[in-house]
Structures are given as structure tokens and as C-alpha cells.
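Computed from a predicted model, the values in this text were never measured in an experiment.
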Amino acid sequence: QIDDLAEVDYSLSGLPAVFQTFIDLDLKGVVFPAGNHTDSPYMAASFTIPDQSDSMLYLAFSEYFFQSSSFAYYTAGAFNMTIAEETCSYFNINTEIFSSIIPEVAKYSITPYPVMLKLMSTEIPTISLQQDSFTAEIQGSVEVLAILPDSTTQSLFTLNIAANTSISLNRFDQKLMGSLCLNR
């Protein structure tokens, strides 16, 4: 069990190879939604690790591991969240701000009302690995709702989002550092 949403199957996928200076263990590495071992829609591809011998431990994660993780968390609803009134009021986000950007919102609310944001992933996020980075493609939507005085909500508008980000990892002074780039 990784957390309340996902489990990992890290069973051996073959017999360990024992050599004079090292042991090679091939682990399966598939992530499932918690309590639901649903097959991932992705196919695992074999890969090799470059032959090096200057460190005590080497770990390698396949693209399939990240894809099955993405599928498990998407299936469990982890990419859907609501940003509540308290958080929006902390950042002073209300209907008046959206009225100045989107004039149609002014028709629905003359009085400034607090808002609530519902973020939803509409497709399984796609993760692909490159030589020095990995890319995540995320498709989703954000629904903006006004919170009316009687505690009901009124949908103001919905934005569809498609984002493509690259994440590069580098080792600097014995520390693993990451950089995030929004491609589109």
C-alpha cells in the first residue's frame, strides 16, 4: 500500500542474477488503484540500464511504472479536487475579479460573491521519459462556481486545460535537483 489511493506490486519478474560483484534484481513495479488490481491500459516495454560499477546501488524506473501510477491515481480520483471558499478568500478570489476579465460573469453577480474552483482531470495524464527528463501531459477542466448567500453554488464558467510540462532532474553537490518547464 502506497497510500489510501494506490498500491504497488513490486514482485520479482524473474530469477535474480548473482555475479561476483553484484546482484541484479528485476522487479515488476506496477501501481494499481487501492483494492482494485485493474490492468493498466499501457504495455510494459523492456529496457536496459547502462553498465556502470562506481556506485553501491542503482535504481531504474520504467516509463510503464509512471504510466501505471498515473492510471491508478486517475482511476482513484486523485486528480480531481475542489479549492474551497476559505482558500479562495485567502487569495481574495471572488466574482468581482472574474467580472473584470470575463464580462459575462457580471451578468450573474452584481454583488461580489466568494468562489469555489473545481479542478478535474478529463483524461489519464500521460508521462513519457526522455534521456535527461520526463514529460507529463495533463488534460482537465476548471469549473468556477459562485457561492451564493444561501450557501448554494452557481456555475459561472468552465475552462478546459491542456498542459504539457517537462521535468529535468540533475545532481548538484550530492543533491538531486529538479527543474520544471511549462512547454504549452
Could you walk me through whether N183 and S166 pass side-chain hydrogen bond (donor to acceptor under 3.5 Å, both in side chains), step by step? CA-CA 7 Å; N183 299 332; S166 294; 2.7 Å; yes
Test item: [X] and [Y] side chains (from C-beta on) under 4.5 Å apart, heavy atoms:
| X | Y | result |
| --- | --- | --- |
| I83 | M116 | no |
| L156 | T95 | yes |
| T165 | F134 | no |

List the steps, then state whether side chain to side chain contact (heavy atoms under 4.5 Å, CB included) holds for F71 with T75. CA-CA 6 Å; F71 173 74; T75 303; 3.6 Å; yes
Drop me the distance from [X]'s [atom1] to [Y]'s [atom2], to the nearest 0.5 angstrom.
| X | Y | atom1 | atom2 | answer |
| --- | --- | --- | --- | --- |
| I2 | S69 | CD1 | OG | 6.0 Å |
| I161 | S121 | CD1 | OG | 10.0 Å |
| M81 | L119 | CE | CG | 6.0 Å |
| E143 | L145 | CD | CG | 4.0 Å |
| E123 | I138 | CD | CD1 | 12.0 Å |
| T158 | M120 | OG1 | CE | 6.5 Å |

How close do [X] and [Y] get, heavy atom to heavy atom, and via which atoms?
| X | Y | result |
| --- | --- | --- |
| E7 | G35 | OE2-N, 3.2 Å |
| P41 | I124 | CG-CD1, 4.2 Å |
| Y113 | I147 | CB-O, 3.6 Å |
| S128 | E63 | CA-OE2, 3.1 Å |

Test log, rule side chain to side chain contact (heavy atoms under 4.5 Å, CB included), inputs Y42 and I127: CA-CA 11 Å; Y42 304 102; I127 297 171; over 6 Å; no
Start with the C-alpha distance between I167 and S133, add both sets of side-chain angles, then the distance that settles side chain to side chain contact (heavy atoms under 4.5 Å, CB included), and finish with yes or no. CA-CA 5 Å; I167 301 165; S133 67; 6.0 Å; no
Using modelled atom types only, decide if a donor and an acceptor are shared between the side chain of T152 and the backbone of L148 within a distance under 3.5 Å.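 No, because the side chain of T152 does not come within donor-acceptor range (under 3.5 Å) of the backbone of L148.
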Can you hop from F79 to L180 via hydrophobic side chains spaced under 4.5 Å?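 Shared cluster, yes.
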F66, L5: one ILVMFWY side-chain cluster at the under-4.5 Å cut-off?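 Yes, same cluster.
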Test side-chain hydrogen bond (donor to acceptor under 3.5 Å, both in side chains) applied to N80 - qualifying residues, sequence neighbours left out: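 If we apply the side-chain hydrogen bond (donor to acceptor under 3.5 Å, both in side chains) test to N80, skipping adjacent residues, there are no hits.
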Could you walk me through whether F61 and L129 pass the side chain to side chain contact (heavy atoms under 4.5 Å, CB included) check? CA-CA 10 Å; F61 294 93; L129 300 177; 5.9 Å; no
